[in-house]
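First up is the structure itself, then whatever we jot down about it.
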Amino acid sequence: MTIRRRGVEHKIILKPAHANTTKADDTLVMLVAKARFWFEQLTTGEVATIRGLARNNSVDEGDFSRFLPLAFLAPDIVEAIVAGRQPPELTAERLKRIGKLPLDWSEQRKVLGFAAWNHQGPG
């Protein structure tokens, strides 16, 4: 058992010896997927501006400025999120409010809590 901070709450993490499954955080996965999709729309020219993306998706332009950097997450971080192996304190809300996300993947791991978290899965 470990206690992890998750936003303003504390979460108790129980890891029974027989636990080998994880469940992905659908909201977190969707946020990362949308960021990648929106970035692709910009790079292919399907949508010309962030303002156009915001209008098409009914999302505030300022939110897009915070979400688009998520398209540049390290591949192992994305894989861990999709597999549900991210640190428990890494939520969609935390990721939305992370501020300036480093482009350097090793720095991303530190900022997002992967450096101290065994994200190879439970067991």
Side-chain angles (χ1 to χ4, degrees):
M1 174 182 92
T2 58
I3 297 176
R4 297 288 228 160
R5 188 173 177 92
R6 184 173 176 149
V8 295
E9 304 173 340
H10 284 82
K11 184 175 181 178
I12 297 174
I13 309 296
L14 301 174
K15 285 179 66 175
H18 64 279
N20 288 322
T21 60
T22 56
K23 177 156 178 19
D25 178 338
D26 293 337
T27 306
L28 185 58
V29 171
M30 243 354 209
L31 179 61
V32 173
K34 283 180 180 179
R36 293 172 70 113
F37 176 70
W38 292 330
F39 181 72
E40 183 179 325
Q41 286 184 310
L42 283 172
T43 57
T44 62
E46 185 177 329
V47 179
T49 64
I50 289 178
R51 178 172 284 148
L53 274 175
R55 195 174 325 112
N56 291 352
N57 292 281
S58 302
V59 176
D60 183 79
E61 282 182 57
D63 289 339
F64 272 101
S65 297
R66 288 195 315 270
F67 299 162
L68 282 177
L70 303 179
F72 302 100
L73 287 172
D76 60 307
I77 292 175
V78 174
E79 288 174 15
I81 289 171
V82 170
R85 295 188 321 257
Q86 74 277 357
E89 63 273 5
L90 182 58
T91 63
E93 283 306 311
R94 176 162 180 251
L95 202 51
K96 285 179 187 178
R97 295 173 184 8
I98 202 74
K100 187 168 175 138
L101 183 69
L103 290 176
D104 179 77
W105 290 347
S106 59
E107 288 300 311
Q108 286 179 5
R109 290 181 196 99
K110 289 177 192 172
V111 168
L112 298 177
F114 282 89
W117 172 254
N118 176 10
H119 58 280
Q120 298 305 312

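Keep in mind that what you see is a predicted model, and the values were worked out from it rather than measured.
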Original post:
Say you draw a straight line from CG of L53 to CD of E46; how long is it, rounded to the nearest 0.5 Å?
Top reply: 9.0 Å
Subject >> NZ/NE/NH1/NH2 to OD/OE distance under 4.0 Å, D63 and K96 >> reply: no
Subject >> Rounded distance (nearest 0.5 Å) linking atom CH2 of W105 with atom CG of L112 >> reply: 13.5 Å
**OP:** To the nearest 0.5 Å, tell me how far K34 NZ sits from M30 CE.
**Re:** 5.5 Å
**OP:** Find the distance between CD1 (I81) and CG (L28) and round it off to the nearest 0.5 Å.
**Re:** 4.5 Å
Original post:
Can you tell me if CZ on R66 sees more than 12 non-hydrogen neighbours from other groups inside 6.0 Å?
Top reply: yes
Subject >> Heavy-atom side-chain contact between V32 and L95 under 4.5 Å >> reply: yes
**OP:** Could you grab the distance from atom CG of D104 to atom CZ of R109, nearest 0.5 Å is fine?
**Re:** 8.0 Å
**OP:** Heavy atoms only: give me the nearest A71-A35 pair and the separation to one decimal.
**Re:** CB-O, 3.7 Å
Original post:
Rounded to the nearest 0.5 Å, how far does CZ of F114 lie from CG of L90?
Top reply: 5.5 Å
**OP:** Mind listing the closest non-hydrogen atom pair of P87 and G113 along with its distance?
**Re:** CG-O, 3.3 Å
Original post:
Counting N and O atoms only, with roles assigned by atom type, does the side chain of Q108 sit under 3.5 Å from a partner on the main chain of P102, one being a donor and the other an acceptor?
Top reply: yes
Original post:
Do the rings of W38 and F67 sit parallel, tilted or perpendicular, given the 30° and 60° boundaries?
Top reply: parallel
Subject >> Minimum heavy-atom distance between R51 and E61, given as atom pair plus value >> reply: NE-OE2, 3.1 Å
Original post:
Is any NZ, NE, NH1 or NH2 atom of the basic residue among E93 and R97 found under 4.0 Å from an Asp or Glu carboxylate oxygen of the other?
Top reply: yes
**OP:** Kindly work out whether a path of hydrophobic side-chain contacts (I/L/V/M/F/W/Y, heavy atoms less than 4.5 Å apart) joins V82 to F37.
**Re:** yes
